[in-house]
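The block underneath contains the structure these notes are about, expressed in structure tokens.
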Amino acid sequence: MIWTNWARNVSATPARHEQPASEDELSDAVRRAVKDGHPVRVVGGGHSFMPAAATDGVQLNLDHLNALHRVERDPDTGHALVTVGAGMRLHQLNRILAERGLAMQNLGDIDQQSVAGAISTGTHGTGARFGGLATRVRALTVVGPDGDVTRATPTERHDLFEASRLGLGATGVLSTVTIEAVSAFDLHAVEEPWPLDRVLEELDHLVADNDHFEFYWFPTTRRALTLRNMRVEAGTSAGSGLGHRVRKAAGAARSFLDEEVLSNGLFETVNRIATTFPAATPTLNAVSARALSARRYTAPSHDVFCTNRRVRFREMEYAVPRAAVVGVLGELDAWQRSTGENVPFPVEVRFAPADDVWLSTAYGRETAYVAVHQYWRLPYARYFDAAEQIFTAAGGRPHWGKMHSLDAEYLAGQYRRFPDFRRARDAADPEGVFANPYTQRVFG
């Protein structure tokens with residue numbers, strides 16, 4: 001059976017595809033693969049744009065390992081520790097947490113990935129005080145090449161923990177993940193189109209004064225859509241009586257209009273026109289940027305963080321030092337204007353604090369994430385190559401799950417703990433059972 005990822009840019013033909021229903025079955029599947037001489041890779045939601053899950057050996061799907069195991073309190077911090085099967089999808093996790101008055105501290109903008117896939121590739125959201133998903137991991141269980149299950153925490157098997165919570169599955173198969181959750185909260189969201197020059201002039205204040213700030217810039221225009229989210233008490237969006245039901249219905253209709261018609265249905269049409277008539281793209285971008293309207297709403301955090309993405313695309317995202325982002329955007333703008341490259345997709349810019357996860361793209365520095373996208377029916381190579389040269393000149397680090405061309409030689413110079421990661425990987429998997437060409441390229 002041929003496996004293909006969501007973006008349709010990666011495919012593979014595994015020798016065997018297995019879907020274990022328990023940790024014991026997972027261990028047995030790994031042992032069988034090793035006995036048969038097959039490498040092992042795990043696939044989750046297939047949302048990685050890189051061949052992280054591709055293999056000609058045994059491909060494991062963990063969708064059945066999606067149970068809630070326990071919710072407990074950390075005796076030191078009092079925070080909720082939630083242990084789930086590593087195959088649980090993020091949208092399932094969000095629902096389970098909400099039912100218990102809990103939430104993820106931060107999330108990316110889609111919720112279709114598995115928990116294991118999201119943390120292993122470095123999924124992040126935005127917010128200068130709130131790190132990526134891997135920063136919230138407090139314990140893991142890892143199935144090694146011998147099929148044995150090992151629990152790893154910051155104090156127990158520390159190196160295995162650090163290398164496994166963000167390491168592309170190179171140390172073994174995650175079977176459970178323990179995440180530190182927070183009390184449920186709502187987000188008050190303000191979405192407004194701004195002149196790009198104003199965004200860049202006020203960028204430091206926008207990042208500092210909002211809990212979660214990001215913006216989308218339409219190439220060849222000087223317009224951006226700003227998204228500013230502030231955390232408020234859970235239930236702020238709730239109400240009662242007929243008036244509330246009317247407002248709720250109106251909000252649902254607006255959400256459907258914005259997300260399913262304007263952001264997805266109409267945007268698909270725009271990209272199809274740009275594909276057929278490339279000369280129309282600058283006009284289409286200008287119209288798209290001008291058509292955006294402001295809106296304000298308050299909703300549970302996961303409903304604001306995560307959106308539906310029905311328009312298929314390819315993506316490259318780099319983490320650059322916060323101080324470099326304005327210059328990086330200027331260079332992207334200059335390149336696009338000088339080449340006339342056909343790019344109907346906006347550039348997305350997000351922010352994150354420094355963290356201490358060994359292979360986090362935000363390791364040790366305040367970070368801005370710049371993501372370039374291209375509609376899946378359009379060529380992307382020249383655009384992404386040019387963007388990558390701009391990003392790397394600024395000391396950029398590629399998102400582990402998004403498109404890039406770099407290898408271990410470059411990446412080793414970007415991560416102080418890269419040698420520690422490699423030692424932990426080699427100790428956990430000395431024969432390379434969990435390797436594939438992509439992990440060999442980026443880790444050596």
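Here the structure is a predicted model, which is why all the values come from computation and not from measurement.
Residues satisfying the side chain to side chain donor-acceptor pair (under 3.5 Å) criterion with Glu214, sequence neighbours excluded, are absent altogether. A search for side chain to side chain contact (heavy atoms under 4.5 Å, CB included) contacts involving Ser183 returns nothing, not counting sequence neighbours. Residues that satisfy the ring pair (Phe, Tyr, Trp, His ring centres under 6.0 Å) test with Phe218, not counting sequence neighbours, are absent from this structure. Not a single side chain to side chain donor-acceptor pair (under 3.5 Å) links Asn210 to another residue, sequence neighbours left out. Under the ring pair (Phe, Tyr, Trp, His ring centres under 6.0 Å) criterion, Phe161 pairs with no residue, sequence neighbours left out. Take Gln440 and apply the side chain to side chain donor-acceptor pair (under 3.5 Å) test, not counting sequence neighbours, and it matches no residue. With sequence neighbours left out, the ring pair (Phe, Tyr, Trp, His ring centres under 6.0 Å) criterion links Trp400 to Tyr415, Phe443. Evaluation of the side chain to side chain donor-acceptor pair (under 3.5 Å) rule for Thr361 yields Tyr369 as partners, not counting sequence neighbours. The ring pair (Phe, Tyr, Trp, His ring centres under 6.0 Å) check on Phe418 picks up nothing, with sequence neighbours excluded.
Under the side chain to side chain donor-acceptor pair (under 3.5 Å) criterion, the residue pairs touching residues 86-100 are Asp63-Arg89, with sequence neighbours excluded. Pairs of residues two or more places apart, or lying in two chains, that qualify as salt bridge (charged side-chain N to carboxylate O under 4.0 Å, His left out) and include a residue from residues 103-113 are Asp109-Arg309. Applying the side chain to side chain donor-acceptor pair (under 3.5 Å) definition to pairs two or more places apart or across chains, those involving residues 113-126 are His124-Glu317.
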*Take Phe313 and Phe49 through the test ring pair (Phe, Tyr, Trp, His ring centres under 6.0 Å) and record every step on the way to the result.*
CA-CA 10 Å; Phe313 56 87; Phe49 297 85; 5.7 Å; yes
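You'll find the ring centres of Phe391 and His404 outside the 6.0 Å limit.
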